[in-house]
Amino acid sequence: MELVNETSTPIKQTNFIQDIIDEDMRTNRFDRPVHTRFPPEPNGYLHIGHAKAICVNFGTAAANGGLCNLRFDDTNPTKEDEEYVEAIMEDIRWLGFDWEDRLYFASDYFEQLYQYAVELIKRGKAYVCDLTPEQIKEYRGTLTEPGRESPYRNRSVEENLDLFQRMRNGEFPDGSRVLRARIDMASPNMNMRDPVLYRIMRATHHRTGDKWCIYPMYDYAHPLSDAIEGITHSLCSLEFEDHRPLYNWILEALEIPYPPKQIEFARLNLNYTIASKRKLRRLIDQGILAGWDDPRLVTLRGLRRRGYTPESIVEFCRLVGVSKTNSVHDLAMLEHCVREDLNKRAQRVMAVLRPLKVTIETYPEDLVEEFEIENNPEDPAAGGRKVPFSRVVYIEQDDFMENPPKKFHRLAPGREIRLKGAYYITCREVIKDPVTGEVTELICTHDPASRGGYTSDGRRVLGTSHWVSAAHAIPAEVRLYDKLFTVPDPDRDGDPGAYLNPESMVVLQNCLVEPSLAAAAVGDRFQFLRQGYFCLDPDTTKEKLVFNRIVSLKDTWSKIQKSGG
RNA sequence: UGGGGAGUAGUGAAAUGGCAUCACCGCAGACUUUGGAUCUGCUUUUCCAGGUUCGAAUCCUGGCUCCCCAGCCA
């Protein structure tokens, strides 16, 4: 019998889009099942905001037994590139979505789109306009004043047909003429003031090469691309709300049967981040960011390299919901999602980020014991592993305090704590650098009766520390990532560079990790006990492991410290 | 000041005339061989003013605030 994977079972979410779909299905608005599309322009890398759009489009289709296409909206060759096509497909697959054989390009429809435009002209609904870009702008009017009609608005069908054909033939220079819809220059909706449908632009298209010198505009190509693919619900973001009358006008003017319906929802915004490609590119160019896959970025590539699981991102998108409210979500919610996911799945290991030497003087010099430690207390099936222990170990510098405050639960002079899975140790002597006064080593004793980390006398210890055996530990570099910006709205005055967090990446070179990590592969994720979740970075070499901190564990102690406790 | 949208807890999301609910965040406690996880509890919400109604987040009227639109970008 086949197991049903709950997470892969589409669950119908109640949101306003689903309500509309339910109503459309009830009234037989369409002659076909629900069909959506995700329509990226191949002009950049996908980010967390796109992930929401992907989840909404693929998710809505799946929840209704329908299909979702991947369509590249490539109608502007000056801004688009094949490089992004591949990258975008890779990112969508990584998120876990599958468009099967339904990969489309708006550019595949250029000929059909052209023929539709000819039809529009024949119906008197489009005309060739010779106004310059500046004049078009002038004639368009303003938000409060109506526009004026172009002097070319009433050309004959024959003349328009001839001119449009010659635009296609390349008889006119770039920008000299456009094809415009003949709608209403006095419309209060600027989009309806005879919008441009086609422009002359000699640019090599990444797919059609130099075949065309006229290219359709988004407002014209999109509704028709939807219609050609049989899309029922064309889901897009809020700023296209006042384009909807134009979307519908195009479909009506061409009498498209069962026309697709555009529905707008709020895009995903995250605090402490920026989405502006231009501003991010500047930070990359300045060398502040390592590239589009910098682990501090919320690009899908950045999140992937950081170590985020695709499942946690999809879950995040599910949790934020779908509505029409302009909103900014908490980064903490995203972090919650990846913690929740990794808590269930990530193997636990011990890693000491800032090592402090501990010599256990009562422990035999040449003895090495191996302790079996559980891999994941959340998942007994994950089993355990052997971790070697010896006379000299390293613990975290933060796990020792010479003069501990009341609530400090770890090692201090004279105190006994547990080394996870090994022994209780008691601090007998503190060795300091005679010059700096810095604590360089602790001399401890151990209780042989506490083997494995507990005693039969029921005695309690204050706390448990993680450790690595000096003789067995592997050196590693650990990159501690944090928020890229120090304020929730880094673009508040247009220059996010002014709010960079100087601690967004702290590189620790002298970390020591337990020997089992020698077998780790790039991309593997672990919980470093008591510290957080970490992912092996591609910068790893034979000589050196490099880990990225995905997210810290929730840390009650640091809160106590901050609050002055 | 034209048009299109949106206002529910700190952040988001439900409630479709009938007890304002959920998640995250925050706070407190229990438990803990991770100061993790888990469990328990708590604080904080319907933009405003009228009206309809036995009853309004929801319907009506008026106002306020915020977002988007004047690319041959998408």
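Numbered from 1 within each chain, the chains take letters A, B, ... in sequence-line order. Side chains are part of it too, since the values below use all heavy atoms of this structure and drop only hydrogens, waters and symmetry mates.
Contact check, A/Thr556 against B/rG36: a side-chain N or O comes under 4.0 Å of OP1 or OP2. For the pair A/Thr75 and B/rA74, the criterion of a side-chain N or O lying under 4.0 Å from OP1 or OP2 is met. Listed pair A/Lys554 / B/rU34 fails the phosphate criterion, with no side-chain N or O lying under 4.0 Å from OP1 or OP2. Listed pair A/Lys137 / B/rG71 meets the phosphate criterion, a side-chain N or O lying under 4.0 Å from OP1 or OP2. OP1 or OP2 of B/rC72 lies within a sub-4.0 Å distance of a side-chain N or O belonging to A/Arg140. When the side-chain nitrogen and oxygen atoms of A/Arg530 are compared with OP1 and OP2 of B/rG35, one or more of them lie within a distance under 4.0 Å.
A cation-pi arrangement is found for A/Arg177 relative to A/Phe172, the charged atom lying closer than 6.0 Å to the ring centre and inside a 45° cone about the ring normal. For A/Arg71 and A/Tyr104, the positive end is not near the middle of the six-membered ring at less than 6.0 Å and at most 45° from its axis.
A residue-by-residue look at A/Arg418 and A/Arg339 shows that A/Arg339 has its nearest nucleotide of RNA chain B further toward the 5' end. Across the interface with RNA chain B, nearest-nucleotide mapping of A/Glu378 and A/His329 shows A/His329 to be the residue nearer the 5′ end.
With centres under 5.5 Å and a plane angle under 30°, the ring of A/Trp557 is stacked against the base of B/rG35.
Put simply, the side chain of A/Gln527 and the base of B/rU34 share a donor and an acceptor less than 3.5 Å apart. Looking at A/Asp242, its side chain comes within 3.5 Å of the base of B/rG3 through a donor and an acceptor atom.
In this structure, the side chain of A/Arg37 does not engage the main chain of A/Asp226 through any donor-acceptor pair within 3.5 Å.
Pairing for B/rU65 is with B/rA6, a Watson-Crick or G-U wobble pair whose two hydrogen-bonding atom distances lie under 3.5 Å.
Ring-centre distance between A/Tyr218 and A/Phe240: below the 6.0 Å cut-off.
For B/rC22 and B/rU65, the C1' atoms lie 27 Å apart once the distance is rounded to whole Å.
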